[in-house]
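To keep things clear, I will list the structure first and then write my remarks on it.
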Amino acid sequence: MNEKDSLKRIFDYQREFDRKLGWNVYENLSTTRDIVDYMQLTVLKFAEEVGEIAQEVRRILRDKKQYDPEAFKQELADIFVYLIQASMALKMDLAQEYYEKMKMNEQRFLK
């Protein structure tokens, strides 16, 4: 199985999970305003998860809490879920967009 097939399976799994819970609102966005509102909500979710990562860093550095990679992994996984959902809202092929972006980055940074 190649990377794109693996990512497709992840997207399919997320879509089915979301449908079971009624979280699949991204499938019914019909106007530009709907999409923009959904992206606004997604940005807030991203910010919340990044904030939780920042809190974990603070606990480790300031409060001398034991480093626990699981705390970081959980928050990054949450961000990945929201990224998948946002990609589906845009009917985006995330794998294709990733490879196109990396080609641009290669041209930009590997001169």
Side-chain angles (χ1 to χ4, degrees):
M1 175 185 324
N2 66 38
E3 295 89 7
K4 193 167 183 177
D5 291 337
S6 178
L7 191 56
K8 182 186 179 317
R9 289 181 58 194
I10 290 169
F11 269 66
D12 291 343
Y13 183 78
Q14 185 66 50
R15 188 179 298 105
E16 289 306 313
F17 180 85
D18 290 346
R19 285 175 179 166
K20 289 176 186 175
L21 293 171
W23 295 354
N24 60 321
V25 296
Y26 51 80
E27 292 185 303
N28 301 313
L29 304 176
S30 58
T31 67
T32 300
R33 184 61 194 195
D34 290 343
I35 294 168
V36 171
D37 287 347
Y38 188 83
M39 288 300 140
Q40 181 181 28
L41 178 61
T42 300
V43 167
L44 293 173
K45 290 176 183 177
F46 284 159
E48 181 180 346
E49 298 305 331
V50 170
E52 290 179 14
I53 292 170
Q55 287 176 351
E56 187 64 23
V57 169
R58 187 191 71 234
R59 284 185 207 111
I60 293 167
L61 297 178
R62 187 189 73 188
D63 302 338
K64 307 300 184 212
K65 179 184 170 204
Q66 177 87 20
Y67 166 68
D68 178 12
E70 291 305 313
F72 291 108
K73 291 176 184 180
Q74 291 297 315
E75 303 311 330
L76 289 173
D78 287 340
I79 291 169
F80 187 59
V81 167
Y82 298 138
L83 176 63
I84 291 168
Q85 292 169 332
S87 298
M88 289 190 284
L90 296 174
K91 297 172 180 39
M92 172 182 171
D93 182 334
L94 186 58
Q96 178 182 335
E97 295 294 332
Y98 167 79
Y99 288 117
E100 288 176 14
K101 182 65 175 183
M102 290 307 295
K103 285 179 188 175
M104 290 172 27
N105 286 344
E106 287 174 358
Q107 292 173 357
R108 183 174 174 199
F109 298 111
L110 297 178
K111 295 179 181 179

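None of the values given here were measured: they were computed from a predicted structure. The residues of the chain are indexed from 1 along the displayed sequence.
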Subject >> Partner set under side chain to side chain contact (heavy atoms under 4.5 Å, CB included) for Leu90, not counting sequence neighbours >> reply: Ile35, Met39, Met92
Subject >> Any pair counted as ring-ring contact (aromatic ring centres under 6.0 Å, His included), so long as it reaches residues 6-28, sequence neighbours left out >> reply: Phe17-Trp23
**OP:** Search all heavy atoms of Ile79 against all heavy atoms of Phe46 and return the closest pair with its distance.
**Re:** O-CE2, 3.5 Å
Can you give each donor-acceptor pair under 3.5 Å made by side-chain atoms of residues 47-56, sequence neighbours left out, with the distance rounded to 0.1 Å?
residue: Glu56; atom: OE1; partner: Arg59; partner atom: NH1; Å: 2.8
residue: Glu56; atom: OE1; partner: Lys65; partner atom: NZ; Å: 3.2
residue: Glu56; atom: OE2; partner: Lys65; partner atom: NZ; Å: 2.9

Original post:
Rounded to the nearest 0.5 Å, what separation is found between the CG atom of Leu83 and the NZ atom of Lys45?
Top reply: 12.5 Å
**OP:** Apply salt bridge (Lys or Arg N to Asp or Glu O under 4.0 Å) to Lys103 and Glu106, showing your working.
**Re:** CA-CA 5 Å; Lys103 285 179 188 175; Glu106 287 174 358; over 6 Å; no
**OP:** Under the side chain to side chain donor-acceptor pair (under 3.5 Å) rule, collect the residues that match up with Glu97, sequence neighbours excluded.
**Re:** none
Subject >> Listed partners of Gln66 passing side chain to side chain donor-acceptor pair (under 3.5 Å), at least two apart >> reply: none
**OP:** Applying side chain to side chain donor-acceptor pair (under 3.5 Å), name anything that partners Ser30, two or more places apart in sequence or on another chain.
**Re:** Asp34
Original post:
In the hydrophobic cluster built from side-chain contacts under 4.5 Å, what are the other members alongside Leu110?
Top reply: none
List the atom pairs, donor and acceptor, that lie under 3.5 Å between side-chain atoms in residues 67-75 and the rest of the protein, sequence neighbours left out.
residue: Asp68; atom: OD1; partner: Glu70; partner atom: N; Å: 3.1
residue: Glu70; atom: OE2; partner: Lys73; partner atom: NZ; Å: 3.3

Original post:
Listed by chain and number, what are the side chain to side chain donor-acceptor pair (under 3.5 Å) partners of Arg33, not counting sequence neighbours?
Top reply: Asp37
Original post:
Same hydrophobic cluster for Val43 and Leu41, using side-chain heavy-atom links shorter than 4.5 Å among ILVMFWY?
Top reply: no
Original post:
Could you give the distance from CG (Leu7) to OH (Tyr98), rounded to the nearest 0.5 Å?
Top reply: 11.0 Å
Subject >> Those residues that, when tested against Lys101, pass side chain to side chain contact (heavy atoms under 4.5 Å, CB included) (two or more places apart) >> reply: Met104, Asn105
Original post:
Roughly how far, to the nearest 0.5 Å, is the CZ atom of Arg19 from the CD atom of Glu27?
Top reply: 4.0 Å
Subject >> Sequence-distant partners of Asp12, salt bridge (charged side-chain N to carboxylate O under 4.0 Å, His left out), two or more places apart >> reply: Lys8, Arg15
Subject >> Of all pairs that satisfy side chain to side chain donor-acceptor pair (under 3.5 Å), the ones with a partner from residues 79-91, not counting sequence neighbours >> reply: Asp18-Gln85
